[in-house]
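Note that the coordinates shown come from a computational prediction; the quantities given were computed from them, not determined experimentally. Along the sequence shown, residues are numbered consecutively beginning with 1.
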Amino acid sequence: MKMFQPMFFTSIRNYSKEQFVKDLVAGIIVAIIALPLSVALALASGVGPEEGLYTAIVAGFLISFLGGSTVQIAGPTAAFAAIVAGIVAANGISGLAIATIMAGVLLVIMGFLKLGDLIRYIPNTITTGFTAGIAVTIAVGQVKDFCGLSYPAGTVAIETMDKLKAVIANFGTVNWWAVGVGLCCLLIQIVWPRFSKKIPASIIAVLFGILAVKLLKLPVNTIGDLYTVRSGLPVFHMPELSGSLLIKMLPNAVTIALLAAIESLLSCVVADQMVGSTHRPNTELIAQGIGNIGSALFGGIPATGAIARTAANIKNGGRTPVAGMVHALTLVLILVIFMPYVTWIPMPTIAAILFIVAYNMCQWRPFVKICKTETPLNVFILVITFVLTVVFNLVVAIVAGMIIALPGIIKENRKTIR
């Protein structure tokens, strides 16, 4: 099957000890970066912290091993947080598992149908619009924990606008100790990179948050106060399937598959530009599908290529899929040995980490550039995609954006499409 050619098997043909050392170091560093991000993104997705690590381990290993990129690092990403939280709230963990497995199957089918080649036809205005919209939804979702707010029983805060209303209605319950811890952790992440780029700023923020709350005995919620954390390896679990549930979860599966395809291939394109390589888009889609199926079967959440972690891998010398596999195996050791200490992390620290994630993915500079330089139609597509992502959801935003942009796409790519 020429269409399915994992880069791992190509990369190891002329593999050297020198490159293994570089991949080993890069994989360990990326795992350290991925630890707080995986925990934070899992909590933002409405699941426990261990589910984030399960995802980074299982999906991260499978996608590196079978993927179409030499340097892609996969795991839970911010783009999925709001979508996953909505699925979990409405259908529980089992519903999410079924939707993720179905999405994985769709991704595999997309790969074998060579649909990876078509992702490039999605206009930049749409990807910039929904990415900025997702960043806003993440930021809004973290205000509660950053400010230590308390909501009365029965408060519905699933969709972004519901969360915003709940924040406004309950802002009088703000915990200023939580705000103080959150602001300090936010400041650390802004300032620390000026002094050192070797140690991730998020790790320093986590250590500060733990020490501040523990030593000063501050009345601030930690992960352990709100969640039951399990240590140990992920366990295989097959969710119960039924025809009605499969039909019900199909729209969610399509959403996950579409977003995973777009984000993973965009990450591959960025990685190619950084290392001068060429990824195999259809192989990557098949690997993303297998990785998501594996993640769901072992208690994880949806995964895709993570641009920030992929860039960190490249900058630290990773050049083959071995680095991504080392990243996953390192997280296994962290999960087994250090997971109990994750309960000490304050919730404002998690919120501060996610504020930085949201800022980094918001793409405000490309957003402003498009508004200044593009045609009125493209600006309208950008804005409507952004607004619909925040007010409704990603599916509505992408469908609306594609419908508006379709005539232009056909006109611009008429010869290629033929």
Under 3.5 Å, is there a donor-acceptor pair between the side chain of Thr155 and the main chain of Pro152? yes
Under 3.5 Å, side chain of Asn313 to main-chain N/O of Arg309, donor-acceptor pair present? no
Backbone of Gly116 reached by a side-chain donor or acceptor of Asn282 within 3.5 Å: yes
Decide if the gap between the ring center of Phe236 and the ring center of Phe298 is smaller than 6.0 angstrom. yes
Side-chain (Asn175) to main-chain (Pro219) donor-acceptor, under 3.5 angstrom: yes
Can I get a per-line list of side-chain donor-acceptor pairs under 3.5 Å for residues 344-361, giving both atom names and the distance, sequence neighbours left out?
unit_1: Tyr359; atom_1: OH; unit_2: Trp364; atom_2: NE1; d: 3.3
unit_1: Asn360; atom_1: ND2; unit_2: Ile356; atom_2: O; d: 3.3

Under 3.5 Å, is there a donor-acceptor pair between the Asn292 and Thr100 side chains? no
Any Val342 side-chain heavy atom under 4.5 Å of Ile223 side chain: yes
Hey, what do you get for CG (Leu24) to NZ (Lys22), rounding to the nearest 0.5 Å? 13.5 Å
Approximate separation, where rounding is to 0.5 Å, of Lys165 NZ and Ile168 CD1: 9.5 Å
Between the side chains of Asn91 and Lys248, does any donor sit under 3.5 Å from an acceptor? yes
Between Arg319 and Asp23 (side chain of the first, backbone of the second, donor and acceptor by atom type, cut-off under 3.5 Å), is there such a pair? no
Checking Asp145 side chain against Gln142 main chain: does a donor-acceptor pair fall under 3.5 Å? no
Hey, does the side chain of Thr128 reach the backbone of Asn124 with a donor-acceptor pair shorter than 3.5 angstrom? yes
Donor-acceptor contacts, no H, no angles, side chain residues 25-34, under 3.5 Å, sequence neighbours left out:
none

Atom pairs and distances, side-chain donor-acceptor, residues 59-87, under 3.5 Å, sequence neighbours left out:
unit_1: Ser64; atom_1: OG; unit_2: Gly60; atom_2: O; d: 3.1
unit_1: Ser69; atom_1: OG; unit_2: Val71; atom_2: N; d: 3.2
unit_1: Ser69; atom_1: OG; unit_2: Gln72; atom_2: N; d: 3.2
unit_1: Gln72; atom_1: OE1; unit_2: Ser267; atom_2: OG; d: 2.6
unit_1: Gln72; atom_1: OE1; unit_2: Thr310; atom_2: OG1; d: 3.3
unit_1: Gln72; atom_1: NE2; unit_2: Ser264; atom_2: O; d: 3.1
unit_1: Gln72; atom_1: NE2; unit_2: Glu284; atom_2: OE2; d: 3.3
unit_1: Thr77; atom_1: OG1; unit_2: Glu263; atom_2: OE1; d: 3.2

Are any side-chain N or O atoms of Glu51 and backbone N or O atoms of Gly48, one a donor and one an acceptor, separated by less than 3.5 Å? yes
For the CD1 atom of Ile98 and the CD1 atom of Ile93, what is their distance to the nearest 0.5 Å? 12.0 Å
